[in-house]
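Read the structure below first, then the notes.
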Number of protein chains: 2
Amino acid sequence: MLKEERHQTILTHVELHNRVLLTDIAEILDVSIDTVRRDVKELDQESKLRKVHGGAISLGFTTNSARNNNIYALAQKTVIAEKAASLLKNGGVIFIDGGTTCLELVRIIPSDIQLTCFTLSLPVAMELNSKPNVEVIFIGGKIAKEAQMSIGASATDSLSEIKVDYSFIGTGYVDPAFGLTEFDWDIVQVKKAIIKASKKTVLLCISEKLNSQHRYKTCDIKAIDTMITELDSNADQLKLFRNYDVHLI
Amino acid sequence: MLKEERHQTILTHVELHNRVLLTDIAEILDVSIDTVRRDVKELDQESKLRKVHGGAISLGFTTNSARNNNIYALAQKTVIAEKAASLLKNGGVIFIDGGTTCLELVRIIPSDIQLTCFTLSLPVAMELNSKPNVEVIFIGGKIAKEAQMSIGASATDSLSEIKVDYSFIGTGYVDPAFGLTEFDWDIVQVKKAIIKASKKTVLLCISEKLNSQHRYKTCDIKAIDTMITELDSNADQLKLFRNYDVHLI
DNA sequence: ACAAATCATGCTGTTTTTTGCAATAATATT
DNA sequence: AATATTATTGCAAAAAACAGCATGATTTGT
């Protein structure tokens, strides 16, 4: 077997599976592991792939996921934010949750729309505050370091005293059967309070989070009035959610 | 499974859910917790995420310190901030006001000092939140657009329920005879409430503001326990303040 | 065509990396 | 303060990488 043939086979394999083990290639090509190692070394030097301990990975793999995936996610979140923004009505009184998706929504709020916004999230409050026609009311409390938002009894108490038209919330995990779940108990408590403080609740959620779950439960799917993903409203992935009387956008 | 693959999975998870537990990752990837710990350590060193006790959190969220670098009279304010910082005691419960001078104080708070900080100011809260050993409690309320801080009855009510060791406040104007004054009535109300909620009040004030006044009065000089300027404590400009039983630094 | 040189390949022993485990220290939580 | 959880460290086994060498094939120069 010629060297070039092997190189081609290796590359095809890497492109196809994103990664490959040296031992596997050695078996496939029926050559010694040393030869494979040398082949991969050359291909790495030619920048055709990236050699790692024990194997090789496609070039697109690392770039794609780390940064590109982030941009990709941002694109999805922007789509969600735009759909959500279409629900905003002039003069409305709403609640906006923390999280990157909600932050994206805040960013694209048109500056001419007049709103009263409650929030628990410091970044969301900062961003809202830059909108000239938005009145911002921050629900105070102990600030959760990572989430950068108020938690605790003080926050839930304050929430118990308000009733907004719409709340736009995010979630860590969502599953048709298990509903909305979170990693953090404190967060769940405030999210429950948010839902209670809202006439209607809108969930913003990228499709990647669909069908995932964690320890603590916020609510069932049926507690949500509208669920917004970046997907088309009749996408297959949303099939299971149609049983739960939730409006899909 | 290649290390790179694990890294990729970890990153995706962190980006998606903002935070993950090492134990969860270990289960997902079916490797030992030690391996996950080492992986996360590497990713942290590569600045792909931030390792925290028990897990990892996404960067994108924590590193959005929108630094406003063009602060007026930054040099003087830094001097003031350093003097003020020397008053901080480990385990103290304090209040920090809004304004650029107070923000400078927050920036130079040593990361090893353990504090409980109340504040009304969004930027101050954000900055405080980046200090690992500071517990931040935000006093909520309607956010004043310009000042980026809570005002109104809700804020003053909340303040009436606390008593801190020290409060560090700024002021718009100060005069030996007229005391502390402000341009804005709402701000005066909360400042009064802050002073009432403090055992001791420390005023941070650049010398430029000395001997100036405005419409609404916050308090007399004698309500202030300590006044910090960038000047030497026996400077001529402070002469008139010595009659008011205030500690000058 | 023949010898010399070059290259590719696999083998061997050694070094490095990775991984899991156990004991101990540090840190949260109650 | 006591307990549980998480980190750190050292260690050992396994896997992988590496360097050097021998063999055989291919190319090159004469």
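The chains referred to below are lettered A, B, ... by the order of the sequence lines, with proteins before strands, and numbering in each begins at 1.
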Where do N or O atoms of nucleotides 10-18 of chain C meet protein N or O atoms at under 3.5 Å, pair by pair?
unit_1	atom_1	unit_2	atom_2	d
C/dG10	OP2	A/Ser32	N	3.0
C/dG10	OP2	A/Ser32	OG	3.2
C/dG10	OP2	A/Thr35	OG1	2.4
C/dG10	N7	A/Arg38	NH2	2.6
C/dC11	N4	A/Asp34	OD2	3.2
C/dT18	OP1	B/Lys3	NZ	2.9

Quiz item: side-chain contact (heavy atoms from CB on, under 4.5 Å) with B/Ile228: which of B/Thr101, B/Leu203, B/Leu87?
Solution: B/Leu87

Quiz item: How are the rings of A/Tyr166 and A/Phe168 set relative to one another: parallel (under 30°), tilted (30 to 60°) or perpendicular (over 60°)?
Solution: parallel

Quiz item: Can you tell me how far C1' of C/dT9 sits from NE2 of A/His7, to the nearest Å?
Solution: 13 Å

Quiz prompt | Atom-to-atom span, CG of A/Asp39 to C1' of D/dA16 - whole angstrom | solution = 17 Å

Practice problem: Output every pair passing ring-ring contact (aromatic ring centres under 6.0 Å, His included) with a member in residues 137-158 of chain A, not counting sequence neighbours, ordered by first then second residue. | Solution: A/Phe138-B/Phe138

Exercise. Any ring-ring contact (aromatic ring centres under 6.0 Å, His included) involving residues 18-37 of chain A? Give me the pairs, sequence neighbours left out, ordered by first then second residue.
Key: none

Practice problem: Grab the CZ-C1' distance between B/Arg37 and D/dG10 for me, whole Å please. | Solution: 15 Å

Quiz prompt | Salt-bridge criterion met for B/Glu42 and B/Lys3 (N-O under 4.0 Å) | solution = yes

Quiz item: Contact class for A/Val52 vs. all strands (heavy atom < 4.0 Å): base, sugar-phosphate, or nothing?
Solution: sugar-phosphate

Practice problem: Let me know the distance between CH2 of A/Trp185 and P of C/dA28, rounded to the nearest Å. | Solution: 20 Å

Practice problem: Give the rounded distance in Å between these two atoms: CE of B/Met1 and C1' of D/dA15. | Solution: 17 Å

